Amino acid sequence: MIFLIQYDRPKGRIVTIKAFENSARLDAENSRLETELDLNRRGITHEVVLLEAASEDALRLTHQRYFEDLKDLGQIAKSATSREE
Amino acid sequence: MVRIIRDQLNLDPTGRPAKSTNSVIEKLYRESIRLSQVQDIAGCRVVVADVSAQQRLIISLRDVFPTTTVIDRRADPSYGYRAVHVIARIVGKSIEIQIRTQLQHLWADLSEKLSDVVDPSIKYGGGESKIRETLMILSAQVAEGEALEKALTRRRRKHVTKQYKQETQKFREELAQWKTQFIAGFNQAISSLESRKGQKQ
């Protein structure tokens, strides 16, 4: 899957997330460009990024920053240290 | 590349076909370099359980991609950021593969989130000194915990003496103690940093 994410950095929140099939790579790239141009025209400085992952769960694991709030990181810290040796 | 890592190494990387335009512009300004010198325009990220898995993956990637450069930020952290970046040359292009352990990833997420919601310069060593100090302390604590994990992983002998067992038990106890202290310290840091949201954008 290819995910197009528009992220509001100061608020630390996703504005939009759109999923594309891997076969629709060109559509995803065009959509990214359109989003960037639109935001640019409107003077909005959101981060726009394309990411390719097996699933949204896989994406959430490697790019949790887009999905989690600062306070959620405490819970993630707990699970990151809860593995048995 | 994502497909190669997925199929040949049985991992679940997230690929980034290209950096966001804003990130490229920021990097060009920050490092006074040309576009052709930006190494990590395309790349991917893999999060693995621990340093042993990280080490194994570096070796595997070097087997799969013959032309690689390894940047080990565990030994030489960048403003507290610890990870391993493998730069692979594929069809004349440089592709960056970020390999982070869960704990390194947790720290990086905290640093990035603070850069988002408090001050964008934090990620590159800027921002309020108290925040920088907190991040550096947490980074050092992660390194300490990972050193303990690594030491414990090495103790896998089948036939062991009583002394060996006692030493291994001591490592386990130290690691358990480290985990408790780390989680407490991490949560305390988050609580104090939450109040700084929106401070400088």
Side-chain angles (χ1 to χ4, degrees), chain A residues 1-14 20 22 25-26 28-29 32-37 39-40 44-85, chain B residues 2-3 6 12-23 44-47 49-50 98 100-103 105-118 120 138 142 145 148-149 152-153 171-172 175-176 178-180 182-183 185-191 193-194 196-198 201:
Chain A
M1 300 287 289
I2 299 169
F3 297 90
L4 174 65
I5 294 175
Q6 185 191 148
Y7 177 71
D8 183 337
R9 285 174 77 172
K11 287 188 178 156
R13 287 198 194 112
I14 281 182
F20 297 83
N22 287 332
R25 180 176 294 272
L26 195 62
E29 285 169 1
R32 176 197 162 180
L33 187 62
E34 278 169 23
T35 307
E36 281 195 323
L37 289 171
L39 290 171
N40 196 272
I44 298 170
T45 54
H46 289 167
E47 182 174 322
V48 181
V49 68
L50 272 185
L51 294 166
E52 184 184 342
S55 63
E56 190 174 318
D57 283 346
L59 174 70
R60 280 174 179 268
L61 175 70
T62 56
H63 289 75
Q64 56 200 17
R65 160 194 168 222
Y66 291 125
F67 301 93
E68 310 290 352
D69 198 9
L70 198 53
K71 63 178 184 306
D72 299 326
L73 292 179
Q75 192 53 43
I76 296 168
K78 207 173 168 187
S79 76
T81 53
S82 65
R83 279 173 295 111
E84 288 297 317
E85 300 312 319
Chain B
V2 168
R3 203 166 301 130
R6 204 173 282 155
D12 238 348
T14 293
R16 189 193 58 206
K19 253 181 178 310
S20 70
T21 308
N22 286 345
S23 299
C44 73
R45 180 179 298 161
V46 187
V47 178
D50 53 27
Q98 297 178 358
R100 297 175 177 175
T101 64
Q102 285 185 6
L103 285 169
H105 187 45
L106 175 73
W107 184 95
D109 264 346
L110 175 63
S111 166
E112 284 172 5
K113 202 74 193 176
L114 288 171
S115 298
D116 290 338
V117 300
V118 179
L138 289 172
V142 168
L148 281 169
E149 275 186 341
L152 199 55
T153 309
F171 273 117
R172 284 211 180 92
L175 187 57
W178 171 85
K179 283 177 180 178
T180 310
F182 177 74
I183 293 168
F186 193 86
N187 283 323
Q188 200 178 3
I190 287 175
S191 302
L193 293 169
E194 271 239 290
R196 289 172 165 83
K197 270 185 180 176
Q201 296 300 337

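For clarity, every value in this text was computed on a predicted model and none was experimentally measured. Just so we're on the same page: letters track the sequence lines, and every chain starts at 1.
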Identify which of [options] forms the greatest number of heavy-atom pairs closer than 4.5 Å to chain A.
options                              : value
B/Thr101, B/Val2, B/Asp12, B/Leu106  : B/Leu106
B/Asn187, B/Val47, B/Ile190, B/Val46 : B/Ile190
B/Arg100, B/Arg45, B/Arg6            : B/Arg45

Roughly how far apart are [X] [atom1] and [Y] [atom2], rounded to 0.5 Å?
X        : Y        : atom1 : atom2 : value
A/Leu70  : B/Ser191 : CG    : OG    : 9.0 Å
B/Lys113 : A/Asp72  : NZ    : CG    : 8.5 Å
A/Arg9   : B/Ser115 : CZ    : OG    : 7.0 Å

Checking the side chain of A/Lys71 only, and the main-chain atoms of B/Glu194 only, is there a donor and an acceptor separated by less than 3.5 Å?
no
Between the side chain of B/His105 and the main-chain N/O of A/Gln64, is any donor-acceptor distance below 3.5 Å?
no
I need the minimum non-hydrogen distance between A/Ala77 and B/Phe186, along with the two atoms involved.
CB-CD2, 3.7 Å
Can you name the closest pair of heavy atoms from A/Lys11 and B/Val117 and give their distance?
C-CG1, 4.0 Å
Kindly indicate whether the side chain of [X], heavy atoms from C-beta on, has any atom under 4.5 Å from the side chain of [Y].
X        : Y        : value
B/Asp109 : A/Glu68  : no
A/Tyr7   : B/Asp116 : yes
A/Thr81  : B/Ile183 : yes

Of the listed residues (A/Gln75, A/Arg25, A/His63), which shares the most heavy-atom pairs with chain B below a 4.5 Å separation?
A/His63
Side chain, backbone, both or neither: which part of B/Leu110 has a non-hydrogen atom closer than 4.5 Å to chain A?
both
B/Trp107 versus chain A, the contacting section by heavy-atom distance below 4.5 Å:
neither
A/Asp69 portion near chain B, given a 4.5 angstrom heavy-atom threshold
both
Residues which pass side-chain contact (heavy atoms from CB on, under 4.5 Å) with A/Asn40, listed by chain and number, not counting sequence neighbours:
none
Partners passing ring-ring contact (aromatic ring centres under 6.0 Å, His included) against B/Phe171 (at least two apart in sequence or in another chain):
none
